[in-house]
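Small disclaimer: the values here were computed from a predicted structure and weren't measured. Count residues from 1 along the sequence.
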Amino acid sequence: MGTLAGIGISGLPLMGRSVKRDVSGNTGTLAMSRRYVRPIRRVRASPLLFDTKAEMNAILVTLNVIVLASLAAIGHQWAPALYAFLIVGPFSVLSLWGISRGEVSARTIFVTTTVVVVGGLAVASFFQPAAAYGAILVGPIVMLGVTDMLQKKRAIRRNFPVIGHARYLFEAIRPEIQQYFVESNIDGRPFNREERSLVYARSKGDVDTLPFGTQRDVYEAGYEWINHSMVPATPLCSSPRVTIGAGRCEKPYSASIFNVSAMSFGALSGAAVEALNKAAKDGGFAHNTGEGSISPHHLHGGDLIWQIGTGYFGCRSADGSFDEDAFAERAQLDQVKMIEIKISQGAKPGHGGILPAAKISPEIAAIRGVPMGADVISPPAHSAFSTPIELLEFVTKLRTLAGGKPVGFKICVGKRREFLSVCRAMLETGLVPDFISVDGGEGGTGAAPFEFSNRLGCPLVEGLTFVHNSLVGVALRDQIKIIASGKVSSGFGLARMIALGADLCYSARAMMMAMGCIQARLCNTNACPVGIATQNPSLTAGLVVSEKYRRVARYHGETIHAAVDLMGAAGLSDPAELRPWHIMRRVSQLETRHYGEIVEYLQPGALLRDELPETFERAWKAASAASFFHQAEQNDVDAVTTGRSQEGESLVGADAV
């Protein structure tokens, strides 16, 4: 303590007072004073220490002097060396100017290094002429540094010439480093390594068994499983199918429980679309066209579900509205088995789009029925209908124009009242769709706005159970099939969705991975490295259709087989026997529940009774078959339109706005 006191550490301020230690060495004794002691004196630097900034300045000045002096000396005997001053001179001036300002920065170090290297090459060339070839290496680096210092867009490059590019390099390769070297088997998103590896193994016919036990923490909240039975069942069918449109359609369709979700030609390459369609033919499952219409790449024998979006591509009139004749012509194709009206999708619900004129090739123009040379707009909402009743009338019209083929619509659940309005319209008109596709907010797309992808749209579990419950509540569930879509990639994922309320499932990204997608997440750049989500011929050349379609078909078959085996182990012989209570979920470390306890499942006709379920009461009362608006909001709109309130009072004036 005496030493410390000697150099001035005699007290520390605390709560307005000073704390002094007993210099006798008794550290347990504290003396308090209401005044601060003398300020702590600075500790004089040891002679062994040095000022780094001053030393660096000295080194840089010395280097400049040595190089300039060496060039001058050699130039006296060898005149060409003086030409080096044309480069070295300005850089040396910049270096000395920075040093004179007390600036030891990356810029100063770069210009000084340039002086040393260029000057050194000139000196070396005097003794060994071959050294002049070093300019081939040094020249581009110097030019890059000069460019970095002069550009004004990026501060990192301007402040750190040349080496600043390392930041952008590491930023560019970060996803690959993360995926291949950092993330564990179960941490990645959207699909972790375990999920991707399973798809790859099954598509290639490799070993898909798991050694040494699960890597998942079975006691972690969120872990799910299906309970097995002491009396396993033998499946009734190794490849279960679901009939859609039975009893209503002239041409009902028997669909696989696992099918290709909507992906358009344009978003995918022609080779990728062709591979998917050939796989659908080979594996006996359906292939959704996406809203980009039916292209020649879709017509290789696989069953098609033709999706109609707000742009009405393939059935579009000159003004962008729905064209009945164009629709009827394509809908009559034998390969088209069902029609799906796209109202919204999980990755970007409620979002329209623009197809720039520059991207419209003659092939795309012919397929989508759009003109060349002008932007094509896909609005957020349909122009063919604007109310729940009009939607069902449109469904009925398409069914007739398609010759009695099943017709349904696709939604990502948003406002619950709006879907219940459709249910009310079904009851009021007696018109019902043959199927409803429910897409989850976790669904993928080639390109979506950041906020739309991350923060808009109901996740699949909540959306699926709501749609299922709504149809059960109005006693129409047995007339309408539900297709679930959202990160379904395994047998358990398939069984889980069916247990929660679906009849069958879609998958998009898993089917892409079966073709070789490596989750590079470059779908929006036209630079997909495996030739799937790109139109670049040099990249699509890598996708060999004859090989990839077999992989997709094999993956589909293996996944169905895994799902059926899982159901058999649970004592179920048919997917239709799956119920919510078959799927267990750990909700905390010490508590587990089945989905029948987590989600309220309604009894048939529950919404038709006087006493409504509490969780549905408010939305059901606000729903109207005549409008997607809240009933109270619709009354306000009608009142403003007519100029009178429900009580007959005039609303003309400030209050009407």
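Atom CD1 of Ile532 sits about 12.0 Å away from atom CG of Leu522, to the nearest 0.5 Å. Note that CZ of Phe409 and OG of Ser437 are 9.5 Å apart. Values are rounded to the nearest 0.5 Å.
In this structure, Ala562 and Arg202 approach most closely via the heavy-atom pair CB-NH2, 3.5 Å. Residue Leu500 comes nearest to Leu464 through the heavy atom pair CB-CD2, 4.0 Å, listed as atom of the first residue, atom of the second, then distance. Minimum heavy-atom separation, Pro252 to Ala246: CB-N, 3.9 Å. Smallest separation of non-hydrogen atoms from Tyr223 and Asp217: CB-O, 4.0 Å. The minimum heavy-atom distance between Val564 and Ser238, with the atom names listed, is CG2-O, 3.9 Å. Between Gly245 and Pro406 the shortest heavy-atom distance is CA-CG, 4.4 Å.
No donor-acceptor pair under 3.5 Å is formed between the side chain of Ser264 and the backbone N or O of Ala267. When atom types are taken as modelled, the side chain of Thr289 and the backbone of Trp306 share no donor-acceptor pair closer than 3.5 angstrom. Of the possible donor and acceptor atoms, one in the side chain of Gln519 sits under 3.5 Å from a partner among the backbone N and O of Phe191. With hydrogens and angles disregarded, a donor-acceptor distance shorter than 3.5 Å links the side chain of Ser229 to the backbone of Val231. Judged by distance alone, the side chain of Lys481 and the main-chain N or O of Asp478 form no donor-acceptor pair under 3.5 Å. Side-chain atoms of Ser573 do not come within 3.5 Å of backbone N or O of Thr234 as any donor-acceptor pair. A donor-acceptor pair is defined here as one N or O able to donate and one able to accept, closer than 3.5 Å; no such pair exists between the side chain of Ser453 and the backbone of Phe450. Remark: the backbone N or O of Cys412 is paired with a side-chain donor or acceptor of Ser344 at under 3.5 angstrom. Checked by atom type and distance alone, the side chain of Thr310 never pairs as donor or acceptor with a backbone atom of His382 at under 3.5 Å.
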Working note: Val544 + Tyr549, criterion side-chain contact (heavy atoms from CB on, under 4.5 Å); need CA distance, chi angles, decisive distance, verdict. CA-CA 9 Å; Val544 181; Tyr549 92 82; over 6 Å; no
Run Leu276 and Leu268 through side-chain contact (heavy atoms from CB on, under 4.5 Å) and show every step you take. CA-CA 10 Å; Leu276 289 173; Leu268 299 191; 3.8 Å; yes
Derivation and outcome, side chain to side chain donor-acceptor pair (under 3.5 Å), residues Thr540 and Gln535: CA-CA 7 Å; Thr540 58; Gln535 300 298 315; over 6 Å; no
Worked check of ring pair (Phe, Tyr, Trp, His ring centres under 6.0 Å) between Trp225 and Phe492: CA-CA 8 Å; Trp225 71 95; Phe492 175 75; 9.5 Å; no
Trace of the side-chain contact (heavy atoms from CB on, under 4.5 Å) decision for Val407 with Met338: CA-CA 6 Å; Val407 179; Met338 298 200 301; over 6 Å; no
Side chain to side chain donor-acceptor pair (under 3.5 Å) between Gln215 and Asn185, worked out: CA-CA 8 Å; Gln215 291 182 295; Asn185 283 351; 2.9 Å; yes
Please walk me through it: do His468 and Arg477 pass side chain to side chain donor-acceptor pair (under 3.5 Å)? CA-CA 7 Å; His468 169 79; Arg477 181 63 179 88; 3.0 Å; yes
Please report the C-alpha distance between Lys278 and Lys548 in whole Å, then the side-chain angles of each, then the deciding distance to 0.1 Å, and finally whether the side-chain contact (heavy atoms from CB on, under 4.5 Å) criterion is met. CA-CA 9 Å; Lys278 287 187 173 182; Lys548 299 304 182 182; over 6 Å; no
Does the salt bridge (charged side-chain N to carboxylate O under 4.0 Å, His left out) test come out yes or no for Glu547 and Arg551, once each step is laid out? CA-CA 7 Å; Glu547 170 64 21; Arg551 290 192 179 189; 3.1 Å; yes
Let me see the working for Tyr200 and Glu195 under side chain to side chain donor-acceptor pair (under 3.5 Å), right down to the final yes or no. CA-CA 9 Å; Tyr200 299 148; Glu195 292 167 333; over 6 Å; no
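Around atom NE2 of His561, no more than 12 heavy atoms belonging to other residues, nucleotides or ligands sit under 6.0 Å away. Within a 6.0 Å sphere centred on CD of Glu329, other residues, nucleotides and ligands contribute 12 heavy atoms or fewer. Counting non-hydrogen atoms of other residues, nucleotides and ligands closer than 6.0 Å to CZ of Arg586 gives a total above 12. In this structure, Arg216 places its CZ atom where more than 12 heavy-atom neighbours from other residues, nucleotides or ligands lie under 6.0 Å away. In Asp206, the CG atom is crowded: over 12 heavy atoms of neighbouring residues, nucleotides or ligands sit closer than 6.0 Å.
When side chains are defined from C-beta on, Leu401 counts as touching Glu324, because their heavy atoms get closer than 4.5 Å. Under the 4.5 Å side-chain criterion, counting only non-hydrogen atoms from C-beta, Lys410 is in contact with Gln307. Proximity of Ile294 to Leu299: side-chain heavy atoms (C-beta onward) are separated by under 4.5 Å at one or more points. Side-chain contact between Arg509 and Lys487 is present, with heavy atoms from C-beta onward closer than 4.5 Å. Between Val199 and Tyr555 the shortest side-chain heavy-atom distance falls below 4.5 Å. Two residues are said to be in side-chain contact when any heavy atoms from C-beta on lie closer than 4.5 Å; Leu198 and Thr559 fail this criterion. For the pair Met497/Val488, a side-chain contact is recorded, criterion being any heavy-atom separation below 4.5 Å from C-beta on. The shortest side-chain heavy-atom distance between Ile560 and Ser256 falls under the 4.5 Å cut-off.
Aromatic ring centroids of His582 and Tyr595 lie 6.0 Å or more apart.
Side-chain N/O atoms of Arg316 and Ser293 include no donor and acceptor closer than 3.5 Å. Side-chain contact of Glu363 with His297: a donor-acceptor pair under 3.5 Å is present, judged by distance alone. For the residue pair Asn277 / His287, a side-chain donor-acceptor distance below 3.5 Å is found, with atom types taken as modelled. Checked by atom type, the side-chain pair Asp303/Gln335 shows no donor-acceptor distance below 3.5 Å. A side-chain donor from one of Gln345 and Lys342 sits under 3.5 Å from a side-chain acceptor of the other. Between the side chains of Asn288 and Ser261, not a single donor N or O lies within less than 3.5 Å of an accepting N or O. No hydrogens or angles considered: nothing links the side chains of Thr534 and Asn536 as a donor-acceptor pair under 3.5 Å.
The residues Arg399 and Asp434 are annotated as salt-bridged, a charged nitrogen and a carboxylate oxygen being separated by less than 4.0 angstrom. Looking at Arg554 and Glu558, no side-chain N of the basic residue comes within less than 4.0 Å of a carboxylate O on the acidic one, giving no salt bridge. Between Glu183 and Arg196 there is a salt bridge, since at least one side-chain N of the basic residue sits less than 4.0 Å from a carboxylate O of the acidic one.
Cation-pi geometry between Lys405 and Tyr253 is not met at under 6.0 angstrom from the ring centre and within 45 degrees of the axis.
The ring-ring contact (aromatic ring centres under 6.0 Å, His included) test applied to Phe285 returns His556, not counting sequence neighbours. Residues forming a ring-ring contact (aromatic ring centres under 6.0 Å, His included) with Phe394 (at least two apart in sequence, or on another chain): Phe322, Phe385.
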